[in-house]
Amino acid sequence: GTIVWVPPCMYNTVCNIRAHYFPFDVQRCEIRFVSWSYEEPLVLLTAKKPHADYGDPSYYKESTEWHIIAIPAIQGLWRMPSTDKLYTMVKYVFVIERKPLFYEVTLVAPTVMFSFLSVMIFYLPADSQAKTSMGVSLLVAFVMPLLIITKMVPVSSTEISLLNKFVIFSIFMVTATL
């Protein structure tokens, strides 16, 4: 026969965040449901609508930071590596994108303006006190976006965001002019 079991619980999961294109990033997070107790012919896990998109915003609380692009459900078989037995699996892939407006106003726009100002340092005479003053002021100004970026972006030793690289490069350029 058929048994429909809807457990009343909340699942928490952790996904790796790829912050390379921060704040214009799109994230993919997979959640797999597999029966480890019974093999494929005994338990068949199925999605309510196989290969359908569950990204209907009416089911979710609106986030101020993320927008749901899609949540496809994928049914399939999963092979347990230790026993080579097949188990049914339902996988949901959450595809979300960051809403960038806040970051455009507080990070990207000031960083771009500071970068244009740092180019202006090259037009000032080498012995001018204004050049040194402007350079030091820009170095202090570049610290602000760098601190915000490091506070907002998850810590990762595998990649650095392009915005972070741009700020560090701009700091080196201002330092080179002094």
Side-chain angles (χ1 to χ4, degrees), residues 4-37 40 43-82 86-116 118 141-173:
V4 176
W5 180 50
V6 182
C9 60
M10 186 180 294
Y11 297 102
N12 293 322
T13 183
V14 178
C15 296
N16 291 331
I17 299 291
R18 301 212 45 209
H20 186 72
Y21 295 109
F22 173 83
F24 307 103
D25 51 339
V26 175
Q27 304 296 330
R28 290 176 48 93
C29 184
E30 294 183 1
I31 300 177
R32 296 178 187 201
F33 295 93
V34 180
S35 170
W36 288 13
S37 302
E40 185 232 334
V43 173
L44 296 174
L45 294 178
T46 59
K48 196 171 188 180
K49 299 179 207 167
H51 304 286
D53 186 5
Y54 288 87
D56 184 4
S58 63
Y59 292 115
Y60 307 101
K61 183 179 176 186
E62 184 70 24
S63 170
T64 57
E65 188 172 359
W66 297 98
H67 170 69
I68 297 172
I69 296 175
I71 307 173
I74 302 162
Q75 284 183 206
L77 296 174
W78 182 75
R79 183 178 305 279
M80 185 174 284
S82 60
L86 288 176
Y87 297 87
T88 57
M89 171 196 70
V90 176
K91 176 172 66 172
Y92 295 94
V93 181
F94 290 78
V95 183
I96 56 175
E97 70 178 338
R98 192 183 306 268
K99 295 179 180 177
L101 180 62
F102 171 76
Y103 301 103
E104 289 171 343
V105 172
T106 59
L107 287 175
V108 177
T111 303
V112 169
M113 287 188 270
F114 295 153
S115 297
F116 283 128
S118 66
F142 271 120
V143 169
M144 183 263 313
L146 194 59
L147 288 174
I148 293 173
I149 292 169
T150 54
K151 189 174 184 180
M152 300 254 182
V153 176
V155 177
S156 171
S157 61
T158 58
E159 63 184 353
I160 298 173
S161 73
L162 290 175
L163 186 60
N164 217 349
K165 290 177 184 178
F166 179 74
V167 170
I168 292 170
F169 173 76
S170 298
I171 289 173
F172 283 127
M173 288 301 294

Are side-chain heavy atoms of [X] and [Y] found at a separation under 4.5 Å?
X: Leu86; Y: Trp78; result: no
X: Val26; Y: Ile96; result: no
X: Thr111; Y: Phe166; result: yes
X: Leu162; Y: His20; result: yes
X: Phe102; Y: Met152; result: yes
X: Leu163; Y: Pro23; result: yes
X: Gln75; Y: Thr88; result: no

Quick one, Val95 with Ile71, criterion side-chain contact (heavy atoms from CB on, under 4.5 Å). Give me CA distance, side-chain angles, the key distance, then yes/no.
CA-CA 6 Å; Val95 183; Ile71 307 173; over 6 Å; no
Report the C-alpha distance between Ile74 and Val90 in whole Å, list the side-chain angles of each, state the deciding distance to 0.1 Å, and finish with yes or no for side-chain contact (heavy atoms from CB on, under 4.5 Å).
CA-CA 6 Å; Ile74 302 162; Val90 176; over 6 Å; no
Check [X] against [Y] and note the closest heavy-atom contact, atom names and distance.
X: Lys99; Y: Trp66; answer: CE-O, 3.5 Å
X: Pro145; Y: Ala141; answer: CD-O, 3.0 Å
X: Cys29; Y: Thr13; answer: SG-CG2, 4.3 Å
X: Glu159; Y: Ile17; answer: OE2-O, 4.1 Å

Hey, what's the ring geometry for Phe142 with Phe114, parallel, tilted or perpendicular (30° and 60° as the breaks)?
perpendicular
Check for a donor-acceptor pair, side chain of Ser35 on one end and backbone N or O of Tyr87 on the other, with a separation under 3.5 Å.
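No: the side chain of Ser35 does not pair with the backbone of Tyr87.
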Treating Gln27 as the side-chain partner and Arg18 as the backbone partner, does any N or O pair qualify as donor plus acceptor under 3.5 Å?
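It does hold such a pair.
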Does CZ belonging to Phe33 count more than 12 external heavy atoms closer than 6.0 Å?
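Count over threshold, so yes.
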Would you say that more than 12 heavy atoms from the other residues, nucleotides or ligands in this model lie under 6.0 Å from the CD1 of Ile160, or not?
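Open.
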Supply the atom-to-atom distance [X] [atom1] to [Y] [atom2], rounded to the nearest 0.5 angstrom.
X: Phe24; Y: Arg98; atom1: CZ; atom2: CZ; result: 10.5 Å
X: Leu77; Y: Arg79; atom1: CG; atom2: CZ; result: 8.5 Å
X: Leu146; Y: Met144; atom1: CG; atom2: CE; result: 10.5 Å
X: Phe172; Y: Ser118; atom1: CZ; atom2: OG; result: 14.0 Å
X: Asn12; Y: Ile31; atom1: CG; atom2: CD1; result: 9.5 Å

Can you list everything that forms a side-chain contact (heavy atoms from CB on, under 4.5 Å) with Glu30? Sequence neighbours excluded, please.
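For Glu30, the residues satisfying side-chain contact (heavy atoms from CB on, under 4.5 Å) (neighbours in sequence not counted) are Arg28, Arg32, Lys91, Val93.
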Which residues share a ring-ring contact (aromatic ring centres under 6.0 Å, His included) with Tyr103, sequence neighbours left out:
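So Tyr103 forms a ring-ring contact (aromatic ring centres under 6.0 Å, His included) with Phe22.
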Quick note, side-chain hydrogen bond (donor to acceptor under 3.5 Å, both in side chains) partners involving residues 162-171, not counting sequence neighbours, are Ser115-Ser170
